[in-house]
Amino acid sequence: MTAASSPLVCRFAPSPTGYLHIGGARTALFNWLYARGRGGKFLLRIEDTDRARSTPEATEAIFNGLKWLGLDWDGEAVSQYSRVERHRAAARELLEKGAAYRCYSPAEEIDAAREAARAEGRPQRFDSPWRDAKPEDWPADKPWAVRIRAPREGATVIRDHVQGEVVIQNEQLDDMIILRSDGDPTYNFAVVVDDHDMGVTLVMRGVDHLTNTARQSLVYRAMGWDLPEFAHVPLIHGPDGAKFSKRHGAPAVENYRDMGYLPEAMRNYLARLGWSHGDDEVFSTEQAMEWFNLESLGKSPARFDFAKLEDLNARHIRAAEDERLVEAVEELRALRGEAPIPAAKRELLLRSMPGLKERARTLTDLEDSAGYLLKDRPLDLDEKAAALLSPEAKARIARLTSLLQHVSEWKAENLESAVKDYAEAEGMKLGKIAQPLRAALTGRSVSPGVFEVMEVLGRAESLARLEAQAS
RNA sequence: GCGCCCUUCGUCUAGUGGACUAGGACACCACCCUUUCACGGUGGGUACACGGGUUCGAAUCCCGUAGGGCGCGCCA
């Protein structure tokens, strides 16, 4: 059975040294989409072999980010460091085979050699003098690291679904350390052992790992293992084209939740960054799963564009169920430590959602525009609303209010015809009446349709609000 | 410094030698719809980095130049 026809196993392998950033999130998404769309597995491994920099908080942040994005993984997340004994055993195996060797060179010597190589215009590579040392030459009480014995001539070819065939001359690569002098494995070694043991068939990750792939394939070969397939996706840049880092305003994935983005909008946006499916822009996660393929992955880096994310978010909000949006608003408030919405007002919010969601680009917008529902009388007016309520306007509202008392059934269309009749009687355009009405009803100059607002608010509350502003 | 990769509207992209007067989406501008704001509709401007080839014909193939990215750790 070839690798291609065996069951698909993808993985996402972040290092827990910080929050889950947008690039990592997209890599995870691609792997997840690919695995889920093809009945494969999606595994999660935490690359925590750097004991000094890995933190449990970062691990937690990664879990939370993935959960919010809705990217579920199969089985337990694997801690790479928990497999350290296995890595050591594999290194011993290579040592015994002669495919790796003990290197006693101290750091200063290595640094000096590399600097010299660079100064001379040679590849920045360190050739260990211990490569061919005999056991009798080994110093007694000095620490040693384990280096892999890499070929010095020829080239290593990487076959990659995105990058094509990439040829790296072996002279660019040195004998990388696979086991540090403290006995812990290095990333490039542990990754290979773990990917192999976990049965990973496709390694999809950022293109910054491309040259690592050359080193890693040396390990596969030394261990006598088959290589998985590779797909190295381009990186995501910030809006200014520079690296999208924390300094450049790159938020953690969880911050997008706090900013009022829907996870499905985020998935939609991220999926379109570096991958495309013809002219399709707005699609569901199910469609993305079905469509996602390696062939349509681009090779050039993409810039992150908040405007487009926001547009997609608006579309997904409009498509979302009303109840779900109410819950999302509640969560957002809870996140900020605000008191829960009372049941009666929650009911109002739900009923007004069709009008509200049409206008919102983010959940924060949604909450903001729902403010008039959630607030109590007397409403505080914003500047524009106050300006709309001129003495004449107030007088008209007073007259209109008494007419509205007699509307038989408190429904939008009845209210609209009543107000239109009144406007006609006064010889005015509807807008001249509707705007002050809106101001009195919502405290703002912008809202869903006034008649809709009145219907949602109900007869008693509507009239009370109008009366409060009429005088 | 050495190596690898990238380059289509401001941004994300479609495009794999003739269907390209280069398509879509976001953003922008104008108009329409209209009780506000949105939504929706119509229209508009703006792109094949540059220079050489190959070819009857090039955004698409080749070479070079420029710009950008990434890698070159006992980090991941």
Side-chain angles (χ1 to χ4, degrees), chain A residues 13-17 47-50 52-54 80 103 105-107 110-111 114 117-126 143-147 158 163-164 166-169 171-174 176-182 184-188 190-191 206-212 214 232 234-235 237 239 241-243 269 272-282 296 298-312 314 318 355 357-361 365 369 384 388 416 419-420 423 429-439 442 444-451:
Chain A
S15 62
T17 51
E47 312 260 78
D48 51 358
T49 49
D50 185 340
R53 292 203 292 167
S54 300
Q80 185 160 65
C103 173
S105 298
I110 298 169
D111 291 345
R114 275 204 261 259
R118 183 178 180 136
E120 288 170 36
R122 286 185 288 116
Q124 202 173 303
R125 192 186 68 178
F126 172 68
W144 46 277
V146 179
R147 284 185 188 272
I158 303 165
Q163 305 294 326
V166 180
V167 180
I168 309 263
Q169 296 303 318
E171 61 170 18
Q172 292 291 327
L173 277 19
D174 50 17
M176 70 162 176
I177 290 179
I178 58 174
L179 220 55
R180 296 187 254 257
S181 52
D182 65 1
D184 281 348
T186 57
Y187 164 81
N188 274 312
V191 164
V207 73
D208 50 332
H209 284 94
L210 190 64
T211 33
N212 283 333
H232 286 90
L235 272 19
H237 291 177
K243 196 170 180 170
Y269 177 70
R272 278 285 289 116
L273 220 49
W275 175 82
S276 61
H277 185 263
D279 283 341
D280 292 309
E281 300 282 350
V282 188
S296 303
K299 282 176 101 172
S300 45
R303 295 187 190 198
F304 194 89
D305 181 10
F306 279 98
K308 187 119 183 181
L309 204 213
E310 228 177 75
D311 176 70
L312 245 17
R318 268 177 262 146
K357 72 181 180 188
E358 197 69 28
R359 292 162 172 76
R361 292 178 74 76
D365 282 354
S369 59
K384 284 178 182 169
L388 282 166
E416 180 165 1
V419 173
K420 275 187 171 159
K429 290 196 70 170
L430 185 57
K432 280 284 182 196
I433 310 290
Q435 274 305 85
L437 214 48
R438 182 189 322 281
T442 69
R444 305 211 175 178
S445 60
V446 173
S447 81
V450 268
F451 308 115

- Message: If the cut-off is 4.0 Å, is A:Lys308 near the phosphate of B:C12, judged by side-chain N/O to OP1 or OP2?
- Response: no
- Task: For A:His237, enumerate each residue passing the side-chain hydrogen bond (donor to acceptor under 3.5 Å, both in side chains) test, keeping only those at least two apart in sequence or located in another chain.
- Result: none
- Scanning all shown strands, the Watson-Crick or wobble mate of B:G67 with both distances under 3.5 Å is B:C6
- Item | Residue pair A:Arg53 / A:Thr17, side-chain donor-acceptor N/O under 3.5 Å | no
- Message: Suppose we define a pair by two distances each less than 3.5 Å, Watson-Crick or G-U wobble; what does B:C74 pair with here?
- Response: none
- Message: Roughly how many Å apart are B:C63 and B:G23, using the P atom of each and rounding to a whole number?
- Response: 30 Å
- Round to a whole Å and report the spacing from NZ of A:Lys299 to P of B:G15. 15 Å
- Item | Spacing of the C1' atoms in B:A14 and B:G73 (rounded, Å) | 41 Å
- If pairing requires Watson-Crick or G-U wobble contacts with both distances under 3.5 Å, which nucleotide is the partner of B:U54? none
- Note on the structure: Shortest non-hydrogen pair, A:Glu47 vs A:Ser54, comes out as O-OG, 4.3 Å
- Message: Work out how far the C1' atom of B:U42 is from that of B:G68, and round it to whole angstrom.
- Response: 39 Å
- Query: How far does the P atom of B:A59 sit from the matching atom of B:G67, given to the nearest Å?
  - Reply: 25 Å
- Query: Rounded to whole angstrom units, what separation is found between the CD atom of A:Glu281 and the P atom of B:G24?
  - Reply: 11 Å
- Under 30°, 30 to 60°, or over 60°: which ring-plane class applies to A:Tyr187 and A:His209, parallel, tilted or perpendicular? tilted
- Across all strands shown, which nucleotide pairs with B:C28 by Watson-Crick or G-U wobble geometry, both distances under 3.5 Å? B:G44
- Item | C1' atoms of B:G10 and B:C29, separation to the nearest Å | 14 Å
- Nearest whole angstrom, please: distance from the P of B:A76 to the CE of A:Met176. 11 Å
- Message: Measuring only the P atom in each nucleotide, how far is B:G45 from B:A22? A whole number of Å is fine.
- Response: 11 Å
- Item | Full working for side-chain hydrogen bond (donor to acceptor under 3.5 Å, both in side chains) between A:Gln124 and A:Arg114 | CA-CA 5 Å; A:Gln124 202 173 303; A:Arg114 275 204 261 259; over 6 Å; no
- Can you check each nucleotide of nucleotides 65-74 of chain B against protein heavy atoms at under 4.0 Å and return B for base, S for sugar-phosphate only, - for none, in 5' to 3' order? ----SSSBSB
So which protein N/O to nucleotides 59-64 of chain B N/O distances come out below 3.5 Å?
none

- Item | Spacing of the P atoms in B:C28 and B:A38 (rounded, Å) | 10 Å
- Query: Hey, does the side chain of A:Arg125 reach the backbone of A:Glu171 with a donor-acceptor pair shorter than 3.5 angstrom?
  - Reply: yes
- Results of side-chain hydrogen bond (donor to acceptor under 3.5 Å, both in side chains) for A:Arg122 - residues two or more places apart only: A:Glu120
- Message: How many whole angstroms separate atom CG of A:Leu312 from atom P of B:U11?
- Response: 19 Å
- Task: Could you let me know what B:U21 is paired to, Watson-Crick or G-U wobble, both distances under 3.5 Å, or none if it's on its own?
- Result: none
- Hunt down the Watson-Crick or G-U wobble partner of B:U16, both distances under 3.5 Å, from any strand shown, or write none. none
- Query: In whole Å, what is the span from the CG atom of A:Leu273 to the P atom of B:A25?
  - Reply: 19 Å
- Query: For atom C1', what is the distance between B:C12 and B:U46, given to the nearest Å?
  - Reply: 16 Å
- Note on the structure: Sorted by chain and residue number, the side-chain hydrogen bond (donor to acceptor under 3.5 Å, both in side chains) partners of A:Glu281 (sequence neighbours excluded) come out as A:Arg272, A:Lys308
- For each nucleotide in nucleotides 28-45 of chain B, reading 5' to 3', give B when a protein heavy atom comes within less than 4.0 Å of its base, S when such contact involves only the sugar-phosphate, and - otherwise. -------BBBBSS-----
- Which pair of non-hydrogen atoms, one from A:Asp184 and one from A:Asp182, has the smallest distance, and what is that distance? N-OD1, 2.9 Å
